[in-house]
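No experiment lies behind these values; they were computed from the predicted model shown.
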Amino acid sequence: MINQPVEYLLLTRIKRGDDLIQVGSFKAVSDELAKVYAQHIYDEEDWVEMHIVRKDALVGVRSPEPLFNKEGVS
């Protein structure tokens, strides 16, 4: 059985005291592979800190209304 890719968000800070910011997102089939992707895809800065989080782990507080209704949904 092949794992399905899930979306990850990458959060970083360039130097101590900076805000932690989201700098990108990507899909990977495991946390370990996501770590490798984060380090290689986003290596343009000398980040002091990098974190990945699965997008499905986020707890929504407020979300925009959808622009379009999905077909078959009232």
Exercise for review: Any side-chain hydrogen bond (donor to acceptor under 3.5 Å, both in side chains) involving residues 14-23? Give me the pairs, sequence neighbours left out, ordered by first then second residue.
Suggested key: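 Sorted pair list comes back empty.
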Check your understanding: With sequence neighbours left out, which residue pairs that include part of residues 34-45 fulfil the side-chain hydrogen bond (donor to acceptor under 3.5 Å, both in side chains) condition?
Key ->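 Those involving residues 34-45 are Glu32-Lys35.
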**Study point:** Minimum-distance pair of heavy atoms, taken over all atoms of Ile52 and Asp31
**Key:**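 Residues Ile52 and Asp31, closest heavy atoms: CD1-O, 3.8 Å.
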Point to revise | Steps toward side chain to side chain contact (heavy atoms under 4.5 Å, CB included) verdict (Val53, Tyr8) | key: CA-CA 5 Å; Val53 63; Tyr8 287 83; over 6 Å; no
In a table with atom names and distances, give each donor-acceptor pair under 3.5 Å that connects a side chain of residues 55-64 to protein atoms at least two apart or in another chain.
from: Asp56; atom 1: OD1; to: Arg54; atom 2: NE; distance (Å): 3.1
from: Asp56; atom 1: OD2; to: Arg54; atom 2: NH2; distance (Å): 2.9

**Study point:** Phe26 side chain near Leu10 side chain, heavy-atom distance below 4.5 Å
**Key:**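 Yes. Closest side-chain heavy atoms under 4.5 Å.
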Review point. What about Val36 and Leu9, same hydrophobic cluster or not, with Ile/Leu/Val/Met/Phe/Trp/Tyr joined at side-chain heavy-atom distances under 4.5 Å?
Key: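 Val36 and Leu9: separate clusters.
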**Study point:** hydrophobic_cluster_shared for Leu11 and Ile21, side chain cutoff 4.5 Å
**Key:**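 No.
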Check your understanding: Can you name the side chain to side chain donor-acceptor pair (under 3.5 Å) partners of Ser25, sequence neighbours left out?
Key ->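 Ser25 satisfies side chain to side chain donor-acceptor pair (under 3.5 Å) with Glu7 once adjacent residues are dropped.
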Review point. Given a cutoff of under 4.5 Å between side-chain heavy atoms of I, L, V, M, F, W and Y, with clusters grown through shared members, what are the other residues clustered with Val48?
Key: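 For Val48, no cluster forms, as it stays isolated from other hydrophobic side chains.
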**Study point:** CG on Leu20 to NE2 on His51, rounded to 0.5 Å
**Key:**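 These two atoms lie 5.5 Å from each other.
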